[in-house]
A.B. asks: 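The structure that follows is given in the form of structure tokens.
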2 protein chains.
Amino acid sequence: MIASVAKALEILNLFSTAEPCLTLTTISKRLGMHKSTAHHLLNTLLQYGFIEQQADDSYALGKTIIALTQNILVNVELRDRAAPLLRELADTCNESVYLTVRDGDRVLYIYAIESSQRLLARTAVGDYAPLYCTAVGKAVLAFLPPAEVSRLYADRPDSLVAFTPHTLTNFRQLQDDLARSRSRGYTVDNQEHELNTFCVGAPIFDAHNAVIGACSISGLDTEIIDSRLEVLSGGVVYTAQQISRRMGYVPERMSMVRQNMAGK
Amino acid sequence: MIASVAKALEILNLFSTAEPCLTLTTISKRLGMHKSTAHHLLNTLLQYGFIEQQADDSYALGKTIIALTQNILVNVELRDRAAPLLRELADTCNESVYLTVRDGDRVLYIYAIESSQRLLARTAVGDYAPLYCTAVGKAVLAFLPPAEVSRLYADRPDSLVAFTPHTLTNFRQLQDDLARSRSRGYTVDNQEHELNTFCVGAPIFDAHNAVIGACSISGLDTEIIDSRLEVLSGGVVYTAQQISRRMGYVPERMSMVRQNMAGK
DNA sequence: CGATTAGTTTCATAATATGAAACAGTGTAT
DNA sequence: ATACACTGTTTCATATTATGAAACTAATCG
């Protein structure tokens, strides 16, 4: 661990949507370092475009970071392969479509085709969401080794936080839901993460037949998980499978894996 | 300038779409540093999620960087405000819509609503493009102080590189095009950057009435800058103005600025 | 099986980041 | 109007720490 590099990265992590601009003194105080040290670090970050300085001398994350995004492995290997398939899906269902990858106990949104109905401004790309209460997250959980799911949530009651009254906060409930999802091949999110948001999700596998992420259809109408469920679930599952294929996944092998999981 | 931080940032800049994975020795050789040093730096970046290690021990940019994106000033101040307006525009014209910001002599794509016709996989978000041969770039140039435009291109013949046979590689040609764009309020890109790609762009201004970026409609059909030009240009200009308003721009002041520019 | 490649760890020393203090602007309050 | 408090910036000696050589391990290849 190189201390100065760690400090520089901590500076980058200090910025948030709520506070996209920070002053030198704020930064130095928050991280408990001297103004001078923070200034040196910021100058270096500035030189490389990772930080930008505003007219009022305050600092903000630099645009260069957006450009870096094009070189991130999941974007090259997964997003860019999945994008055309997701566009097709979005066109056929006329709802928002999301692509996510698992990152530990969360899911990271890496691509979104947001429908115009969804007039909430901000794109989801870059957002994290829990695994246990989103269609995409549960799609990952359903096809993760059961031991790993238990490690995450069993005997940890505080790990299943209720975002809405619909959130599954009981481990058994969640397990049942995952079992059902496993047999159907898709997941349903009935306002478990956000009220008035309904989603249908399906898992994405890699060449080793391991779940690496999921995609979903998301909208503001109950119909999505009701009258339109059959059509939409067919769509996400098909799309997720196509994406998996492009990741090197071989479906035949998977049926064996499923049988093994069912046997346990 | 803190050397170790600079080295760490140089490591991050080493990755590209073509080479999203690099080995330790490759990194150390490219940057002329010892394996051990590179290893220390990578470990630090690893700890903070800026770098990820693959199964084969090679290194890649980490997913954390995608999350950082949500806190970047232009995304918070411009993209999130513009997104709903751009979605509306995309719906009405049924073509790809882009949002860009100026970054020196280039334009950076920060948001995209890519139409399903465009089945080229990769999203443009994070891409840079030149100012002189794109609809978005020329929209910026047209409303930049003329002195700045001259500084960029006048007496620098190698600065106007031809991407296609349609690229304007002559400064006078470019100036004429910008003058026309200025009076119309929108720009046209007739395959100047990419063959078979036609765009209509309009400038976005901030609270100081300075151009900060542009948005555009982009597609694969000549119609876009032909039979549909009137409708589409009306759309982008209107959208760009709405975005500008949300950025604090006051239209009345602008007419004065325009008169001043015309007088020069 | 030996050789060559890879990544990782250790450690002394040479390099450099650090923090105190002083400086220079800005805006505010007295 | 003047002084004060607040920014960010610069300087510089020294104590900290990053560095690179070398040794180590593990895997790959002829």
Side-chain angles (χ1 to χ4, degrees), chain A residues 1-16 18-64 71-73 77 207-208 248, chain B residues 1-16 18-64 71-73 77 207-208 248:
Chain A
M1 276 278 283
I2 293 177
S4 52
V5 173
K7 281 175 190 164
L9 300 180
E10 264 159 28
I11 287 179
L12 296 180
N13 280 329
L14 218 57
F15 297 90
S16 64
E19 290 182 314
C21 286
L22 295 169
T23 66
L24 175 68
T25 26
T26 309
I27 293 167
S28 63
K29 274 181 189 166
R30 293 243 179 109
L31 296 176
M33 55 175 75
H34 271 249
K35 273 198 307 182
S36 168
T37 306
H39 188 252
H40 278 298
L41 291 165
L42 283 163
N43 259 330
T44 310
L45 291 163
L46 212 55
Q47 216 101 51
Y48 283 84
F50 283 71
I51 285 282
E52 277 171 15
Q53 201 159 16
Q54 301 315 113
D56 65 340
D57 278 343
S58 72
Y59 297 91
L61 289 177
K63 290 188 274 286
T64 301
N71 309 324
I72 297 172
L73 193 61
E77 281 193 348
H208 309 98
Chain B
M1 274 279 282
I2 292 176
S4 51
V5 173
K7 282 174 190 165
L9 300 180
E10 263 161 28
I11 287 179
L12 296 179
N13 280 328
L14 218 57
F15 297 90
S16 64
E19 291 183 314
C21 285
L22 294 169
T23 67
L24 175 67
T25 26
T26 309
I27 294 167
S28 63
K29 274 180 188 166
R30 293 245 179 105
L31 297 176
M33 54 175 74
H34 270 249
K35 274 199 304 183
S36 168
T37 307
H39 188 253
H40 279 298
L41 292 164
L42 283 163
N43 260 330
T44 310
L45 291 163
L46 213 55
Q47 216 101 50
Y48 284 84
F50 282 71
I51 285 281
E52 278 171 16
Q53 201 159 18
Q54 300 316 113
D56 65 340
D57 278 345
S58 72
Y59 297 91
L61 288 178
K63 291 188 272 286
T64 301
N71 310 324
I72 297 172
L73 193 62
E77 280 193 349
H208 308 97

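Here is how names work: the chains are called A, B, and so on, in the same order as the sequence lines, proteins then strands, and each is numbered from 1. From a predicted model like this one, the values you see are computed outputs, not experimental measurements.
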A.B. asks: Base contacts versus sugar-phosphate-only contacts with protein, heavy atoms under 4.0 Å: please encode nucleotides 5-12 of chain D as B, S and - from 5' to 3'.
C.D. replies: --SBBBB-
A.B. asks: Which residue pairs pass the salt bridge (Lys or Arg N to Asp or Glu O under 4.0 Å) test with at least one member in residues 26-46 of chain A, sequence neighbours excluded?
C.D. replies: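 Matches after skipping sequence neighbours: A:E19-A:R30.
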A.B. asks: Starting at CG of B:L42 and ending at P of C:dT8, how long is that distance when rounded to a whole Å?
C.D. replies: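 Atom-to-atom, B:L42 to C:dT8, this comes out as 9 Å.
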A.B. asks: Mind listing the closest non-hydrogen atom pair of B:P20 and B:A60 along with its distance?
C.D. replies: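 Looking at all heavy atoms of both residues, the closest pair is O-CB, 3.3 Å.
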A.B. asks: Hey, can you pull the residues of residues 1-15 of chain A with a non-hydrogen atom under 4.0 angstrom from DNA chain D?
C.D. replies: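 Of all residues in residues 1-15 of chain A, the ones placing a heavy atom under 4.0 Å from DNA chain D are A:M1, A:I2, A:A3, A:S4.
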A.B. asks: Check side-chain hydrogen bond (donor to acceptor under 3.5 Å, both in side chains) between B:Q53 and all other residues, then give those that pass, not counting sequence neighbours.
C.D. replies: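 Testing B:Q53 for side-chain hydrogen bond (donor to acceptor under 3.5 Å, both in side chains), a comparison that skips the adjacent residues, returns B:Y59.
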A.B. asks: Rounded off to whole Å, could you give me the CE-to-P distance for the B:M33 and C:dT16 pair?
C.D. replies: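 So the two atoms are 12 Å apart, to the nearest Å.
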A.B. asks: Find the distance B:I27:CD1 to D:dG20:C1' and express it as a whole number of Å.
C.D. replies: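 So the two atoms are 18 Å apart, to the nearest Å.
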A.B. asks: If a pair satisfies salt bridge (Lys or Arg N to Asp or Glu O under 4.0 Å) and one of its residues is in residues 43-61 of chain B, list it, with sequence neighbours excluded.
C.D. replies: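 Those involving residues 43-61 of chain B are B:E52-B:K63.
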A.B. asks: Would you please name every residue forming a side-chain hydrogen bond (donor to acceptor under 3.5 Å, both in side chains) with B:Q47, sequence neighbours left out?
C.D. replies: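 With sequence neighbours excluded, B:Q47 shows a side-chain hydrogen bond (donor to acceptor under 3.5 Å, both in side chains) to no residue whatsoever.
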A.B. asks: Do any side-chain atoms of residues 4-11 of chain A form donor-acceptor pairs under 3.5 angstrom with protein atoms, and if so which ones, sequence neighbours left out?
C.D. replies:
from: A:S4; atom 1: OG; to: B:S4; atom 2: OG; distance (Å): 2.6
from: A:E10; atom 1: OE2; to: B:Y48; atom 2: OH; distance (Å): 2.5

A.B. asks: Taking side-chain hydrogen bond (donor to acceptor under 3.5 Å, both in side chains) as the test, write out the residues that go with B:S16, two or more places apart.
C.D. replies: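 Checked B:S16 against side-chain hydrogen bond (donor to acceptor under 3.5 Å, both in side chains); zero matches.
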A.B. asks: Which residues pass the side chain to side chain contact (heavy atoms under 4.5 Å, CB included) test with A:S36, not counting sequence neighbours?
C.D. replies: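 A:S36 satisfies side chain to side chain contact (heavy atoms under 4.5 Å, CB included) with A:H40 only.
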